[in-house]
Amino acid sequence: QVQLVESGGGLVQPGGSLRLSCAASGSIASIYPMGWYRQAPGKQRELVAFITSSGTTKYADSLKGRFAISRDNAKRTVYLQMNSLTPEDTGVYYCNGVPEYGSSWYPWGQGTQVTVSS
């Protein structure tokens, strides 16, 4: 059984930075892409970035180069470095597979809350 545990969120001022971590356990294939998603209050969950096992990355256009996704397959962990944060980045952040690029859905974790406010 696959488990995904997100951590690293918190309260930051606009312009600040956070580094999120997603630790995976169980039978998860490291060859498939993994993504970070976020859900703001009253909005649907959206894919913000994903990374393949070889290191290829893609980002939502709205991020404008502010976020960087990475992975350490030996540690079975995916990271999201977030810089120049704005209030619009506020939401609950989750990790999961990216089915449209060939990976499977896994059970959703609890997510980690990111709040950007002055």
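For the single chain, residues carry numbers from 1 onward in sequence order.
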Sequence neighbours excluded, which residues qualify as side chain to side chain contact (heavy atoms under 4.5 Å, CB included) partners of Val12? Leu18, Leu85, Val116

Correct closest heavy-atom pair for Ala24 and Leu4 would be CB-CD2, 3.7 Å

Which residues satisfy the side chain to side chain contact (heavy atoms under 4.5 Å, CB included) test with Leu11, sequence neighbours excluded? Thr115, Ser117

With disulfide (SG to SG under 2.5 Å) as the rule and sequence neighbours excluded, what pairs involving residues 59-118 come up? Cys22-Cys95

Which residue pairs satisfy the side chain to side chain donor-acceptor pair (under 3.5 Å) criterion with at least one member in residues 3-12, sequence neighbours excluded? none

To the nearest 0.5 angstrom, please state how far the CG atom of Leu47 sits from the CG atom of Asn96. 10.0 Å

Side chains of Val48 and Leu63, heavy atoms from C-beta outward: is any pair under 4.5 Å? yes

Hey, what do you get for CD1 (Ile51) to CH2 (Trp36), rounding to the nearest 0.5 Å? 12.0 Å

Residues forming a side chain to side chain contact (heavy atoms under 4.5 Å, CB included) with Asp72, sequence neighbours excluded: Ala74, Lys75, Tyr79

Treating Ile, Leu, Val, Met, Phe, Trp and Tyr as nodes and any side-chain heavy-atom pair under 4.5 angstrom as an edge, say whether Leu20 and Tyr106 lie in one connected cluster. yes

With a 4.5 Å heavy-atom cut-off, do Arg71 and Met34 have their side chains touching? yes

Who pairs with Tyr37 by ring pair (Phe, Tyr, Trp, His ring centres under 6.0 Å), at least two apart in sequence or on another chain? Trp105, Trp108

The side chain to side chain donor-acceptor pair (under 3.5 Å) partners of Ser17 (sequence neighbours excluded) come to Asn83

Partner set under side chain to side chain contact (heavy atoms under 4.5 Å, CB included) for Ser118, not counting sequence neighbours: Pro14

Any salt bridge (Lys or Arg N to Asp or Glu O under 4.0 Å) involving residues 91-106? Give me the pairs, sequence neighbours left out, ordered by first then second residue. none

Under the ring-ring contact (aromatic ring centres under 6.0 Å, His included) definition, can you give me all pairs with a residue in residues 40-70, not counting sequence neighbours? Phe50-Tyr101

Can you pull out every salt bridge (Lys or Arg N to Asp or Glu O under 4.0 Å) where at least one residue sits in residues 42-58? Sequence neighbours excluded, please. Arg38-Glu46

Could you check whether any side-chain heavy atom of Met82 comes within less than 4.5 Å of a side-chain heavy atom of Ile69, counting everything from C-beta outward? no

Who passes ring pair (Phe, Tyr, Trp, His ring centres under 6.0 Å) against Tyr93, sequence neighbours left out? none

Around atom CD of Gln81, are there more than 12 heavy atoms from other residues, nucleotides or ligands closer than 6.0 Å? yes

For the OH atom of Tyr32 and the OG atom of Ser53, what is their distance to the nearest 0.5 Å? 10.0 Å

